Amino acid sequence: MVHRKFKNDKNSRKRFLLTTLENRSPAAEQFRTLRTNMQFMQIDRKLKTLVVTSPLPGEGKSTIAANLSIVLAQQESKVLLIDTDLRKPSVHYTFEISNNIGFTNVVTNQAGIKNAVKRTFNPNLSVLTSGPLPPNPSELLASNRMKRFIEEAKKQYDYIVFDAPPVNAVTDGLILSSMVDGTMLVIRNGKTEIEQAKKAVGSIQKVEGNLLGAVLNDCPVKDTPYSYYYEEG
């Protein structure tokens, strides 16, 4: 659950990151809780590769993917955030970095991972932007080269977080879901319709994706116990 204080600025593609918020803010605490819950799921199955997606556009999946990557890196894990939304990439806007070379260059063997990843403010967090947009995103993601890329990346990072397109809009997110250890679904308070959420869950299950759970984005701060805790602290 993520509070409204963390809501995107609709007038800008730049998203709020944890570095812009107080460390004791309810939003920061929510992301640490999300990290803890995710790590408790690793008892029987190591979660090394993770897809963050949503039923439809505008539900906050890119914001959640970016900030989850940050809190994982803050715990001294080596993290790679990859923009695999090859139809509407945004990670380079979020981190204000170049997108002249990125994921598509690596998967098509035009560049190596080490040459394409960008450093961030956190030494444990690396970012691989989308790179040039391909004419066939689904075919690229389903390719054998993609599978080899994932295996190679797993050797170099503790966590790999894929920011994927909405699963009800295109098949890209479902292709990724079938290839990784876990899928996280982001739904937006007051926007995501129940039927769309059910459809997304059903689609992920059909491709035998490991659905970890859903993140409820954009919740009112006053409706949660965290605001009272911090006000009294």
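Start at 1 with the first residue, then count along the sequence. What you see is a predicted model, and the numbers here were worked out from it, not measured in a lab.
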Spell out, as yes or no, whether a donor-acceptor pair under 3.5 Å connects the side chain of [X] to the backbone of [Y].
X      : Y      : answer
Thr104 : Pro132 : yes
Asn115 : Ala111 : no
Asn136 : Glu139 : no
Lys61  : Ala164 : yes
Asn124 : Ala73  : yes

By side-chain hydrogen bond (donor to acceptor under 3.5 Å, both in side chains), which residues pair with Asn99, not counting sequence neighbours? Thr129, Ser130
Linking I/L/V/M/F/W/Y whenever any side-chain heavy atoms sit under 4.5 Å apart, do [X] and [Y] land together?
X      : Y      : value
Ile101 : Val91  : no
Ile150 : Val51  : yes
Leu125 : Val117 : no
Val107 : Tyr157 : yes
Leu141 : Val207 : no

Nearest-0.5 Å distance, [atom1] of residue [X] to [atom2] of residue [Y]:
X      : Y      : atom1 : atom2 : value
Ile64  : Leu185 : CD1   : CG    : 11.5 Å
Ile82  : Asp85  : CD1   : CG    : 13.5 Å
Leu140 : Thr108 : CG    : OG1   : 7.0 Å
Asn217 : Asn189 : CG    : CG    : 8.5 Å
Glu59  : Thr53  : CD    : OG1   : 9.0 Å
Lys48  : Lys155 : NZ    : NZ    : 11.5 Å

On a heavy-atom basis, which atom in [X] and which in [Y] lie closest, and how many Å separate them?
X      : Y      : answer
Leu68  : Met184 : CD2-CE, 4.0 Å
Met38  : Leu50  : SD-CD2, 3.6 Å
Ala65  : Val52  : CB-CB, 3.9 Å
Ala66  : Leu81  : CA-CD2, 3.9 Å
Gly112 : Val106 : O-CG2, 3.9 Å
Val186 : Gly60  : CG1-C, 3.9 Å

Applying salt bridge (charged side-chain N to carboxylate O under 4.0 Å, His left out), can you list everything that pairs with Lys199, at least two apart in sequence or on another chain? none
By salt bridge (charged side-chain N to carboxylate O under 4.0 Å, His left out), which residues pair with Asp83, not counting sequence neighbours?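 Per chain and number, Asp83 pairs via salt bridge (charged side-chain N to carboxylate O under 4.0 Å, His left out) with no residue.
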Can you label the angle between the Phe121 ring and the Phe95 ring as parallel, tilted or perpendicular, going by 30° and 60°?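 The arrangement is parallel - the two ring planes meet at less than 30°.
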Does the ring of Tyr159 carry Lys46 above it, NZ/CZ under 6.0 angstrom from centre and within 45° of its axis?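 Verdict for Tyr159: a cation-pi partner in Lys46.
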Just do the side chain to side chain donor-acceptor pair (under 3.5 Å) check on Thr120 and Asn122 with the steps written out, would you? CA-CA 5 Å; Thr120 69; Asn122 186 312; 5.7 Å; no
Take a 6.0 Å sphere around CD of Glu193 and say whether it holds more than 12 heavy atoms from other residues, nucleotides or ligands.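 It does not: Glu193 CD has 12 such atoms or fewer within range.
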Lys191 atom NZ, neighbour heavy-atom count above 12 within 6.0 Å: yes
With Lys206, which residues qualify under side chain to side chain contact (heavy atoms under 4.5 Å, CB included), at least two apart?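 In terms of side chain to side chain contact (heavy atoms under 4.5 Å, CB included), with neighbours along the sequence ignored, Lys206 is linked to no residue.
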Less than 4.0 angstrom from a charged side-chain N to a carboxylate O is my criterion; do Arg188 and Asp218 meet it?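 Yes, this pair counts.
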Solution key, residues 166-178 side-chain donor-acceptor pairs under 3.5 Å, sequence neighbours excluded:
from	atom 1	to	atom 2	distance (Å)
Asn168	ND2	Gln196	O	2.9
Asn168	ND2	Gln196	OE1	2.8
Thr171	OG1	Ser138	OG	3.2
Asp172	OD1	Arg87	NH2	2.9
Asp172	OD1	Ser138	OG	2.7
Asp172	OD2	Arg87	NE	2.9
Asp172	OD2	Arg87	NH2	3.4
Ser177	OG	Thr183	OG1	2.7
Ser178	OG	Ile175	O	2.6

Using the salt bridge (Lys or Arg N to Asp or Glu O under 4.0 Å) definition, which of the options Arg148, Lys154, Lys147 pairs with Glu151?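 The passing option is Lys154.
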For residues 123-133, the salt bridge (charged side-chain N to carboxylate O under 4.0 Å, His left out) pairs (sequence neighbours left out) are none
